[in-house]
Each structure stands twice: as C-alpha cells, then as structure tokens.
Amino acid sequence: MTTANPPYRLALLDLDGTLTDSAPGILSSVRHAYATLGIETPTDETLRRFVGPPLHETFALHGVPVDRVPEALSAYREVYAAGAMLDNSLYPGILECLTAARAAGVRLAVATSKPEVYARRITAHFGIDDLVEGVYGATLDGSRGSKADVIEHALASLAASDGVVGGADAAASSAASAASAASESEEAPGAGRVGSVPDGLPPREEIVMVGDREHDVLGAAAHGIGCLGVSWGYAEPGELEDAGALRVVASTDELARALRGE
C-alpha cells in the first residue's frame, strides 16, 4: 500500500523491529525463561513472535500457564537486564532517517511495549535519545502494558512537555508532569480515556505511529491515529496491511519521505 499521506508533525516510534534489530537478546532471554520453567521451548519460527508484542501476552499464548507467566517474566529479565538487551543493533540508516525527519520539523518520540526502564538504556546506548523528545514504554509491574496504554502515556507526557529533545530525562520529567496534571483534574475532558488526543498536541491527522507489528497499528487506531508500517521488522507477510496500516515502507529513506508527506 503506497497511498500518499500528509506531512506529520509528531511521530511515535516503535523500538524493537523498527529502530533496532533486537531479536538476538530477546530470544536468548526467552529461551532461558522456558528452560528455567522446565517447559519445552517453542520453535525458532514461533520465537520470532516474541519480538514486539507485550511478553506477558506472548508467553501465555505459547505454552506458559497463565499462573506461571510472572515466573517466566522474572526468568527472562534475569538475563535480559544483565546485558542481553544490548545484544541488539540499529537498523542501517535509522539515525540518518530520524535526523532528516527532525530537520523537516517532525517531532519524534519512542513508544514501545518494552518496559520503559529498559527502553531508556537501549536508546541511550545507540544514541537514539539524542534525536527524540522522550522514550515511553511499559511498566515492569504490567499496570501499563498494551500498545494503546503506552501511546496514551506518550501523548499525555508529550502534551505536558516543552518539546525539548533529550530522551530519558525529558521523558521522565514530562511523564511526571502529566501524572500531576491528571491527579489534579480527574474530570478533565479526555483525561485517561483511550481515543483522546490531549490538548497541546497536533491534530490526529498530523500524528503517526511507526511500527513493524499489528499491535502498533491497532494501538494507534485506539487513539484515532494512523500507523506507518516498516517492512524490515518481524511482521508476518500481510500482517501490517491486514491490520490497517496507512502504508508499508521498505527502507529508511522511504520512511523519512513518508514522514515529510512525500
């Protein structure tokens, strides 16, 4: 699908499978979790499905009893937090793409289903946080886990921020401001409601999600936001199109052009 799109003023960027090729570290950690639980490890083809979606959902879909999912997550994090998260690499051309988008006036932020504490370490390691206004992700306790929840968190935090590029510190500051504002006015229009775009942000048609899996498309759609799919990630053939992606780009150069409305 290659239909034209408007120039965007704000792009929310998925991390795994979109900005970085994170499969090696994720899959080694997943294998460790299955071994620790004494459950047969899925095939390599199935393991690829663990890259991107929330892990608590994926473990439960692939042989881990629901009551043992917390145990699986704990075992996974033992390896992942100890260093496997950096068994990871930037896709070629990503930093150049983000630099070009920023030069064209597109605001950028990371919105990932990965726990935010891990996402900040990864984006700092690869220099991504020098190019984005914030890094937003899930919580370790699962209270914020779905892509729609993460996008809601990102939008609220960005609306409360001053638009300064700075990654983890900016994300933490704006998230705290957003939380404070929500607690002071629980009845504010749209507060905490999926489907709303907070005041202080561009209109919906000028905001876009960029991701490689259907949950990126569906999470954005929950807020009335479109999604540009990328072909170099972990989606199954046709997955992004079937989910309703605006278009699927085949290169980082094409992504930069799409963000500029070309």
Side-chain angles (χ1 to χ4, degrees), residues 1-27 48 51-52 84-114 118-137 147 151 154 165-168 170-171 206-217 219-220 225-241 243 245-262:
M1 184 175 181
T2 57
T3 55
N5 51 267
Y8 295 106
R9 293 170 57 196
L10 172 61
L12 304 178
L13 309 165
D14 179 46
L15 183 58
D16 296 333
T18 300
L19 302 182
T20 70
D21 182 3
S22 53
I26 290 174
L27 300 191
R48 283 179 56 85
V51 184
M85 70 174 70
L86 300 182
D87 188 5
N88 195 346
S89 60
L90 282 171
Y91 286 110
I94 282 295
L95 295 184
E96 294 82 356
C97 172
L98 301 186
T99 299
R102 278 192 58 207
V106 183
R107 296 174 63 185
L108 304 173
V110 172
T112 172
S113 295
K114 183 183 296 301
Y118 299 155
R120 291 180 185 173
R121 285 180 58 185
I122 292 165
T123 55
H125 178 77
F126 288 113
I128 296 169
D129 64 352
D130 292 332
L131 297 170
V132 300
E133 292 181 25
V135 178
Y136 307 102
K147 196 69 179 209
I151 291 172
V165 173
E206 294 180 0
I207 304 174
V208 71
M209 181 73 210
V210 179
D212 71 306
R213 297 298 308 272
E214 65 177 1
H215 71 287
D216 297 307
V217 183
I225 296 168
C227 181
L228 295 172
V230 302
S231 66
W232 54 82
Y234 301 101
E236 299 290 333
E239 176 182 327
L240 290 163
E241 293 88 346
L246 296 171
R247 61 190 276 192
V248 178
V249 299
S251 70
T252 54
D253 286 343
E254 186 182 356
L255 175 57
R257 293 194 300 271
L259 291 174
R260 295 195 298 263
E262 299 174 9

Report yes or no: does D212 contribute a side-chain atom to a donor-acceptor pair with the main-chain N or O of V230 at less than 3.5 Å?
no

Which heavy atom of C227 sits nearest to which heavy atom of G211, and what is that distance?
SG-N, 4.0 Å

Full working for side-chain contact (heavy atoms from CB on, under 4.5 Å) between L19 and T112:
CA-CA 11 Å; L19 302 182; T112 172; over 6 Å; no

Please determine which of I122, L98, V135 meets the side-chain contact (heavy atoms from CB on, under 4.5 Å) test together with I128.
L98

For A235 against E239, the heavy-atom pair lying closest together
CA-OE1, 3.4 Å

Determine yes or no for a side-chain-to-main-chain donor-acceptor pair under 3.5 angstrom, with E133 supplying the side chain and A109 the backbone.
no

Is it the case that the side chain of W232 and the backbone of A250 share a donor-acceptor pair, with hydrogens and angles ignored and the cut-off at 3.5 Å?
no

Trace of the side-chain contact (heavy atoms from CB on, under 4.5 Å) decision for E241 with V248:
CA-CA 7 Å; E241 293 88 346; V248 178; 3.7 Å; yes

For R213 and V51, indicate whether the former's side chain and the latter's backbone hold a donor-acceptor pair under 3.5 Å.
yes

Those residues that, when tested against S113, pass side-chain hydrogen bond (donor to acceptor under 3.5 Å, both in side chains) (two or more places apart)
none

Can you list the residues that meet the side-chain hydrogen bond (donor to acceptor under 3.5 Å, both in side chains) rule with Y118, with sequence neighbours excluded?
none

Heavy-atom closest contact (R260 atom, P7 atom, distance)
O-CB, 3.4 Å

As a test of understanding, state which of T18, D216, L240, L246 forms a side-chain contact (heavy atoms from CB on, under 4.5 Å) with L228.
L246

List the atom of A256, the atom of C97, and the distance in Å for their closest heavy-atom pair.
N-SG, 3.8 Å

Might you work through the side-chain contact (heavy atoms from CB on, under 4.5 Å) test for K147 and D14, ending with a clear yes or no?
CA-CA 10 Å; K147 196 69 179 209; D14 179 46; 3.0 Å; yes

M209 to L13 - nearest heavy-atom pair and separation:
CE-C, 3.9 Å

Given 3.5 Å as the limit, does a donor-acceptor pair link the side chain of T123 with the main chain of R120, or not?
yes

Closest non-hydrogen atom pair, A245 against V217
N-CG1, 3.7 Å

State the CZ-CG distance between R9 and L259, to the nearest 0.5 angstrom.
14.5 Å

If we ignore hydrogens and angles and just use 3.5 Å, is the side chain of S231 paired with the main-chain N or O of V249 as donor and acceptor?
yes

Check side-chain hydrogen bond (donor to acceptor under 3.5 Å, both in side chains) between R121 and all other residues, then give those that pass, not counting sequence neighbours.
none

